[in-house]
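What follows is one structure encoded as structure tokens, with my remarks underneath.
Being a predicted model, the structure only gives us computed values, none of them experimental. Remember, it's 1-based here, ligands and their atoms both numbered in the order they're listed.
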Amino acid sequence: QVDQREFLSNGEMISWTGQVNEVFSPICVKTKDGLKRKRIGSFPVCTEKESMEALEAAVKAYDNGRGEWPTMSVADRITCVENFTQKMIAKKDIVVKLIMWEIGKSYADSVKEFDRTVEYIYATIDALKDIDRDSSRFQIEQGIIAQIRRSPLGVVLCMGPFNYPLNETFTTLIPALIMGNTMLFKPPKHGTLLHYPLLEAFKTSFPKGVVNTIYGRGNKIVPSLMQSGKINVLTLIGSSRVADELKKLHPKVNRLRAILGLDAKNAAIITKDADLNLAVSETVLGSLSFNGQRCTALKIIYVHRSLAQEFLKRLSAEVAKLKYGMPWEKGVSLTPLPEVNKPAYLTECIEDAKAYGAKVINENGGQVAESFFYPAIVYPVNSQMKLYREEQFGPVIPVVPFDDLEEPIEYLIGSSHGQQVSIFSNNAAVVSSLIDPLVNQVSRVNINCQCQRGPDTFPFTGRKDSAEGTLSVVDALRSFSIRSLVAAKFTEENKK
Ligand code: G3H
């Protein structure tokens with residue numbers, strides 16, 4: 001039980017006596033009224049006043065670029081982030097436990113999320129050292145000597161998603177912070193408590209007002225932050241609808257930098273010469289890791305009609321082997337879903353597909369028990385169905401048969417999403433012919449492997465409605481800063 005009664009604003013842990021949000025785990029326990037989601041704590045619901053005060057603290061700490069943090073040397077900022085990371089590592093056990101209980105992620109994946117985040121922070125530090133070394137070099141051209149630096153942008157509003165509440169939040173927060181920006185940070189509703197053990201580390205590792213947290217309902221507190229015009233960078237991993245609505249509220253939207261990771265509907269294309277076993281195992285991983293609740297998940301599978309029946313048979317057999325259970329159970333793959341309405345939504349998508357002629361082809365597919373949803377393989381999916389268009393973000397695998405490779409290419413061209421695609425083929429000529437058309441539709445083409453973000457040092461972005469800006473280490477450091485020059489006429493004197 002974590003009943004959080006504090007938030008971090010202006011370098012102080014503010015005691016909270018106002019309204020709170022009760023947190024219920026996706027994990028159900030027996031009660032006198034049957035199985036119910038277990039209450040695991042509560043957190044403050046900040047009012048507009050508190051969130052505006054937190055914003056003012058970030059504005060003051062930035063002080064139009066004159067604050068202690070934006071003017072601090074890169075080496076000293078790195079030391080602060082290293083100190084923070086050491087304190088964070090000391091909290092690993094409790095944070096991992098809270099990831100499991102708040103969002104139902106398996107123990108192995110929760111540990112992976114934590115470790116990966118720590119690795120990302122150290123990779124960011126290394127990358128910044130390289131950038132800083134470059135900044136200490138001078139460039140001389142046409143009689144001008146110049147030092148090219150990277151300078152911060154101002155106040156960053158950072159909002160992470162529920163599926164990677166630690167990793168996806170910190171892969172924006174840390175680069176933004178280390179580049180000298182000041183932060184206003186709102187954790188996701190499912191995934192707030194796990195940040196609580198880290199607040200003290202933020203408080204003691206950074207100057208006053210550099211990191212400020214706000215909690216509660218985004219639609220109540222975030223609009224006024226945007227309307228204030230004092231947010232210089234919006235970073236959000238979430239839906240394109242929310243991102244568009246928030247951006248519109250900013251009075252100088254053209255001056256707002258947005259670093260966004262948004263909706264995606266990644267496709268797999270299994271050609272007639274694919275290694276079917278490989279395609280099946282990667283489809284299972286790609287579609288069902290963390291119950292399909294990944295922006296990078298495979299959310300629609302195109303399979304050549306000549307392989308479709310065999311593919312479905314092997315896919316069903318592999319899905320049947322997956323173990324479902326509680327996050328702490330050994331070898332578990334399928335765990336409870338945190339979003340209360342998700343099973344109903346997935347059921348609605350399946351019913352809609354059935355109404356247009358598709359079937360659930362695996363045993364128990366689509367069954368709901370408490371907060372579990374048993375994976376459903378739906379076939380044949382066509383353009384009339386929700387599962388063809390919508391990002392289901394859950395354990396449903398829509399499968400579309402195709403005759404001509406033009407069909408999946410047309411799908412990707414017509415889609416508003418543009419994150420990634422996976423091609424499964426053992427025919428090098430076919431693969432080569434697909435790369436160019438596809439790389440102009442999505443930001444990553446995977447060959448004979450599932451879609452994924454990692455390694456986290458690789459650029460991570462998307463086309464169309466799937467992203468704005470680029471993340472992952474060097475790209476994120478660039479995204480949260482601006483190149484600036486210190487230039488002078490070149491003379492023998494300043495050469496020294
Ligand atoms: O939800 C989006 C995550 O960044 C996906 O990361 O591909 O490593 O699961 P992943």
Contacts satisfying side-chain hydrogen bond (donor to acceptor under 3.5 Å, both in side chains) that involve residues 456-467 (not counting sequence neighbours) are R116-D456, Q441-K464

For the residue pair M183 and A58, what are the closest heavy atoms and their distance?
O-CB, 4.1 Å

Would a line drawn from the ring center of F206 to the ring center of W69 be shorter than 6.0 Å?
yes

Inventory of protein N or O atoms under 3.5 Å from ligand 1 N or O:
| unit_1 | atom_1 | unit_2 | atom_2 | d |
| --- | --- | --- | --- | --- |
| ligand 1 | 1 (O) | N163 | ND2 | 2.9 |
| ligand 1 | 1 (O) | C295 | N | 2.7 |
| ligand 1 | 4 (O) | E168 | OE2 | 2.4 |
| ligand 1 | 7 (O) | R294 | NH2 | 3.0 |
| ligand 1 | 7 (O) | T296 | OG1 | 2.6 |
| ligand 1 | 7 (O) | R453 | N | 2.7 |
| ligand 1 | 8 (O) | R116 | NH1 | 2.9 |
| ligand 1 | 8 (O) | R116 | NH2 | 2.7 |
| ligand 1 | 9 (O) | Y164 | OH | 2.4 |
| ligand 1 | 9 (O) | R294 | NE | 2.7 |
| ligand 1 | 9 (O) | R294 | NH2 | 3.4 |

Which distance, rounded to the nearest 0.5 Å, do you find between the CG of L236 and the CD of E468?
10.5 Å

Partners passing ring-ring contact (aromatic ring centres under 6.0 Å, His included) against Y411 (at least two apart in sequence or in another chain):
Y302, Y388

Suppose we screen for ring-ring contact (aromatic ring centres under 6.0 Å, His included). Which residues come up paired with Y215, at least two apart in sequence or across chains?
none

